[in-house]
Amino acid sequence: MSKNFEDAYKAEVQQNIPDLWNRIESSLPEKTPVVAAETMAPEVKAETIASADKRQNTKSNRKTKKNPYAWIKWASLAAAGLLLVILTPTVLGIGIFSLISGSKMSSDMAANESCAEEPQYAADAEENMMYDADGMEGGFTMDSVTEEAVQEEMAEDVATPESGVQSTPESEGKESVAEQEMGEQESVSAESVYGEMVAEGLKAKVSGIITSSDGIYYRVDLYFEGEDKEIANELFGNDDCYNGDELVVRVYYDITLKPEMLEEYTVTIYRVTTESSGAEETYLQYAAELN
Amino acid sequence: MTQSEFEASVAKIKRGDKEGLKEIYEAYISYIYTIVLGVVGNRENAEDVTSEFFIKIWTVADAYQSNGAHKAWLATIARNMALDFLRKNKREIPTEEFEEDVSLSETPEEEVVGEMSVQEALSTLNEAERQVVDMKVLGEMSFKEISESLGIPMGTVTWRYQNAIKKLRRCGYE
């Protein structure tokens, strides 16, 4: 017969609670009591009020007494003003100078930085030229691959079998180029594209395709049972894309693995935090990498 | 302990009356100790942190402002103190070791082992799984909080927790 682990564990820990009171009590620092006026005894309260009145009286007496040296205060104020008038131009001059030199320095630094970036840029351009010179017809470099382009390609790939269009040798050639490039692209992790990984090792079934203006998404049903469901509730409970049983996500654009309808996959879920999500639909807050 | 009882105890502490702290101690020692043990994962350290917790309550009670949720306030302080302890003693977070030698294989898919005590069941978990289970069950922390406090991805946390639950199921626990 199965027992509830959480309850059993908590019960067991609570059976063995140590007695720490003596240890705590001996370590308590001395405390000055904070006494509120309302909680004081009447005689203490009266005494406090009386002493407060006394203090106030003394203060008012001090105020009415004329200070014979009051003129010194005014004289020192006038002297300070005069000093300020003399010193201000000098101080301002230094200030402006330092501001100008500071801005010059920062622009110099920016210029240096841009110069430092140039060799890398040049190296990239050189690499691209070499890549183009290999004779790849209509090919695209890795740098120029945008997610939209890949999504379009995914759309074509998905549409092809459904529309019954036969692939030509030419298109096969293109596919092999694309596959080759996607192979290189495998180094780009879903995490770097989308954002934080939130769950892995979940079972999922591709149950539908959602066509949106910014690409094609797959509806992926994740099966949650028992503890998995508890985890899912905590992870996705507040999200529109989760209805308690299934989670609608977009699929990571790794087109080397085309999602098959009704196929079951082990998936890793990412929270889409980057702009590259392009998700117009608010419920597409997660991406799934199919394994 | 009701909110008004708690506030009365705090008022006593403000007056320097240790009785107020003792009332809170008696009402919440098991709750606080369980949370702390869940985070630090070791009885000796849990006792240290729990003691420090009540000493802290004694000193911060003056600043306490009633918001009607004193239990959550206490839990937050306890958890933060335990996490601070973990950060300061990062190199020594020994999960409690158990003497019982339960020979179970690591794969959770194997057949269910008969009834086991909680400790026996816990001994089937590895240290990382045990830590996540403790933080989740005893420390009442969310996966996000665990992930942040351990500095590991949330996916790893949920993965470890799932694995641990599978192993515990095999020991007859749900």
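Chain letters run A, B, ... following the sequence lines, proteins first and then strands; every chain starts at 1.
- No side-chain N or O of B/Y173 forms a donor-acceptor pair with one of A/D7 less than 3.5 Å apart.
- Remark: side-chain polar atoms of B/Y25 are paired, donor with acceptor, to backbone N or O of A/L20 under 3.5 angstrom.
- For B/S51 against A/I24, the heavy-atom pair with the smallest separation is CA-CG1, 3.8 Å.
- Looking at B/W159, only its side chain comes within 4.5 Å of chain A, counting heavy atoms on both sides.
- Taking 4.5 Å as the limit, some side-chain heavy atom of A/P29 sits within range of a side-chain heavy atom of B/I55.
- Ranked by non-hydrogen atom pairs under 4.5 Å with chain A, the options B/T59, B/D48, B/V157 are led by B/D48.
- Both the backbone and the side chain of A/N16 come within contact range of chain B, each with at least one heavy atom under 4.5 Å from a heavy atom of that chain.
- Here the straight-line distance linking atom CD1 of B/I57 with atom CG of A/L28 works out to 11.5 Å at 0.5 Å rounding.
- Residues A/W21 and B/L21 are in side-chain contact: their nearest non-hydrogen atoms beyond the backbone lie under 4.5 Å apart.
- Only the side chain of B/K136 has a heavy atom closer than 4.5 Å to any heavy atom of chain A.
- With respect to chain A, the highest number of heavy-atom pairs below 4.5 Å among B/V137, B/T50, B/T156 belongs to B/V137.
- Only the side chain of A/E12 comes within contact range of chain B, judged by heavy atoms closer than 4.5 Å.
- Contact check on A/R23 versus B/E52 returns no salt bridge, with no Lys/Arg side-chain nitrogen under 4.0 Å from an Asp/Glu carboxylate oxygen.
- One distance of note links CG of B/L168 with OH of A/Y9; it measures 10.0 Å at 0.5 Å rounding.
- The CD atom of A/Q14 sits 4.5 Å away from atom OG1 of B/T34, with the distance rounded to the nearest 0.5 Å.
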